[in-house]
Structures are given as C-alpha cells and as structure tokens.
Amino acid sequence: MKGGFGMRLTQEGTRRTVRAGENIISYHEAGEGEALVLIHGSGPGATGWSNYSRNFEHLAQHFRVIALDLPGFGASSKPDVPYERVYSYYAEVIAEFLDAIDIQRAYFVGNSMGGGATIKFALDHPDRAIRLVLMGAGGGFPIFSPQPAEGVGHLLDYYEAPGPSREKLRKFLEVMVFDPKELTDDLIEERFVTSTQPDIVANPLFTRKRRPGGEPLFPQLPKLKAPTLLVWGRDDRTVPFDNAFIMLKLIPDVRLHVFGKCGHWTQWERSDEFNALVTGFLLGEA
C-alpha cells in the first residue's frame, strides 16, 4: 500500500487547476504511483468529487488519483459543449488535460457519460490507456430496455421550465440508487448549488432539445485494446444493465461484475466492495 494519509482528504485540500487547450480544468489529486483518472457522469451538479468522494481516499492509497471536472461541470470552464459528439469532445479534453499535467499513460474509471468518453479516449489513444473500469457506461446499446431510460428522462427535464429545484434534483438522484436512504442531505445540497451556477443554467449540456445518444460507440468496441472491467448495478434505471451485454460481447479483453440491489451509482452504494474490486483489477490481482 502506498502513501498513507495523516488526515482525511478533503474536497478543497485536494483541488488543483490547470489550463488544458481552451479550457481551465478543475481537478482533485492525491496519492503516488501510476496515474488513475476518474471521469464523472452528466447528471445535474455532477463533479469529479461528488461522483467519487467515497472512493477517492481508498484509491489514493494505491495510485496517483485524479478526479477532474469536465468542461461544463463543477469549477471547470463552461464552453458550449457539442452534445451531438459529446464522447469525442470529452476524449479530446482528456488528452489535452493529461498533456497539461504531464501524464502519458493512465488507468481510467469512467461512469455513465464519462464511461463513454473513456471508451472514446482509449480508442483514439490506445497507447495511453492502461486498463479501464467502465461503470454503468454510455456507448453501449440497450437490447431490451425502452428508451429514454427513467433516469435520462429526469436528466432531460431538470433544466426545463420552471427550472432547477431541489425537488427535481432529489427525484433524479433517487433514480440513481437502489435505496434512496443512501442519499445524504449534504450531497443533495452540494449538487443543487453546483447545478444552479448561472453559466450552467444558461447553457446546460442536455435538455429535451439537446438529447444524448447521437454518437454510438458499440461498432468500434472490437478495436478497444485495453483490458476492461465492466461494473453494473443490476437495478440501474439510467443506463440499464442490458447495455452491458453488447460490451461484453464485443470488447476483446473484458470481464463483467454485477451488483444486485444496486442502481447506477455502484461506486456510491457499494463503495467498499467497489473500491476493493477496482483496486484488484487495476493492479492485476483479478
């Protein structure tokens, strides 16, 4: 185990910023060793920290862990993100970000939209992605589930009139997990404040008129070279479990771990098991 911590890592204590291409990227960093980059999803108020706060400290005992806020989210720049090619855009951002902090190769964990961006990055830069963990990842294809999924419906409605509210956010987050008791008031308030930044409200990434899904990645999955771990909650109502089947079929070096009684946020609901699973896989122990 590398580098123990004398005190608990905090959101502000680990925050850094860097210019990457045209964007200012806010990120959190701790730990030593091989770089592990955590890519968050697209829900309202999403940030690197809010998605991975239950995983960051454990993973930082084994890796140099970096959780960034993608452009359009958190404390990073708020450009006009091209929603119709969101995976390609964020893959380019990830490459620019890694160049800016002088990282050539890294492990990756990508959640939801961040999983799709991770896949695209690994396809475009196969020599820079060592191993991938794709958690409820976009980029697959739902074989059985009707679309849009329940969670995506809440996502698309969040910024529609009369605008964001704590009630809307709570309903969205309740779909992210199997057991709503897992949600904390602090998490809801943090994400509400983040989601209602004026520059985000003025130009949200996804709405009813700006729908995700215009960039299917599954035809390219056989070209993915990095060993890949798929992690899914069986009860995911945002990127349903059947999206995993085509990934399991097409990704050459792949394995799948499924959590029962678990929703879209496996890293939150099953954090201890998730942390052990991911650490073992990335270190080549599983």
Side-chain angles (χ1 to χ4, degrees), residues 20-27 37-48 50-52 67-98 108-125 128-129 132-142 147-149 151-160 172 176 191 194-195 197 199-221 223-224 236 238-240 243-244 246-247 264-265:
E22 297 181 352
N23 293 296
I24 300 296
I25 302 295
S26 174
Y27 65 103
V37 181
L38 311 178
I39 310 294
H40 65 76
S42 64
T47 65
S50 70
N51 265 46
Y52 295 106
L68 68 152
D69 295 350
L70 295 170
F73 294 87
S76 291
S77 296
K78 306 300 188 302
D80 187 10
V81 176
Y83 72 95
E84 72 283 354
R85 54 179 297 272
V86 68
Y87 299 142
S88 294
Y89 173 77
Y90 283 134
E92 295 163 7
V93 167
I94 293 167
E96 292 173 341
F97 171 71
L98 293 181
F108 288 87
V109 176
N111 171 222
S112 198
M113 179 195 72
T118 298
I119 292 170
K120 185 66 170 127
F121 174 85
L123 288 167
D124 292 348
H125 305 277
R128 303 191 73 173
L132 311 180
V133 177
L134 304 176
M135 179 180 54
F141 186 82
Q147 296 298 303
V152 174
H154 284 283
L155 170 66
L156 299 180
D157 283 337
Y158 186 71
Y159 289 101
E160 298 291 340
F172 170 79
M176 296 296 105
R191 289 190 64 131
T194 303
S195 73
Q197 295 178 62
D199 46 4
I200 294 179
V201 175
N203 189 28
L205 175 56
F206 294 131
T207 65
R208 285 290 173 184
K209 293 181 179 179
R210 294 168 56 93
R211 291 172 175 261
E215 193 178 16
L217 297 179
F218 63 88
Q220 303 177 60
L221 292 178
K223 299 178 183 178
L224 200 60
D236 191 330
T238 301
V239 184
N243 280 265
I246 196 165
M247 292 186 176
H264 191 50
W265 279 3

Do the non-hydrogen side-chain atoms of [X] and [Y] ever get within less than 4.5 Å of each other?
| X | Y | result |
| --- | --- | --- |
| Phe206 | Val152 | no |
| Leu132 | Leu224 | yes |
| Ser76 | Leu68 | no |
| Pro142 | Pro240 | no |

Verify, without hydrogens or angle tests, whether [X] (side chain) and [Y] (backbone) share a donor-acceptor contact under 3.5 angstrom.
| X | Y | result |
| --- | --- | --- |
| Asp69 | Ala75 | yes |
| Asp157 | His154 | no |
| Glu160 | Arg208 | yes |
| Thr207 | Lys209 | yes |

Looking at every non-hydrogen atom in both residues, tell me the closest pair between [X] and [Y] and how far apart they are.
| X | Y | answer |
| --- | --- | --- |
| Gly72 | Pro79 | N-CD, 3.8 Å |
| Val81 | Pro71 | CG2-O, 3.8 Å |
| Ile246 | Asn243 | CG2-O, 3.7 Å |
| Phe73 | Gly43 | CE2-O, 3.9 Å |

Excluding sequence neighbours, so at least two apart, what forms side chain to side chain contact (heavy atoms under 4.5 Å, CB included) with [X]?
| X | answer |
| --- | --- |
| Tyr52 | Leu38, His40, Asn55, Val109, Asn111, Met135, Gln267 |
| Pro216 | Phe218 |
| Ala20 | Ile25, Glu96, Phe97, Ala100 |
| Gln197 | Lys78, Thr194, Asp199, Ile200 |

Check your understanding: So with a 6.0 Å cut-off around CD of Glu22, is the heavy-atom count from everything else above 12?
Key ->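 No, CD of Glu22 has 12 or fewer neighbouring heavy atoms, counting only those of other groups under 6.0 Å.
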Review point. What residues, two or more places apart in sequence or in another chain, satisfy salt bridge (charged side-chain N to carboxylate O under 4.0 Å, His left out) together with Glu215?
Key: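 Not a single residue meets the salt bridge (charged side-chain N to carboxylate O under 4.0 Å, His left out) criterion with Glu215.
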**Study point:** Which residues share a salt bridge (charged side-chain N to carboxylate O under 4.0 Å, His left out) with Arg85, sequence neighbours left out
**Key:**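 Residues passing salt bridge (charged side-chain N to carboxylate O under 4.0 Å, His left out) with Arg85: Glu92.
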[atom1]-[atom2] distance between [X] and [Y], expressed to the nearest 0.5 angstrom:
| X | Y | atom1 | atom2 | value |
| --- | --- | --- | --- | --- |
| Asn51 | Met176 | CG | CE | 10.5 Å |
| Tyr90 | Ile39 | OH | CD1 | 10.5 Å |
| Tyr87 | Leu123 | OH | CG | 12.5 Å |

Using residues 112-121 as the side-chain source, report each donor-acceptor pair under 3.5 Å to any protein atom, sequence neighbours left out, with the distance given to one decimal.
residue : atom : partner : partner atom : Å
Ser112  : OG   : His264  : NE2          : 3.0
Thr118  : OG1  : Gly114  : O            : 2.7
Lys120  : NZ   : Asp124  : OD1          : 3.0
Lys120  : NZ   : Asp124  : OD2          : 3.4

For [X], what residues pass the side-chain hydrogen bond (donor to acceptor under 3.5 Å, both in side chains) criterion, not counting sequence neighbours?
| X | result |
| --- | --- |
| Tyr158 | Ser195 |
| Arg128 | Asp99 |
| Ser42 | none |
| Thr47 | Ser50 |

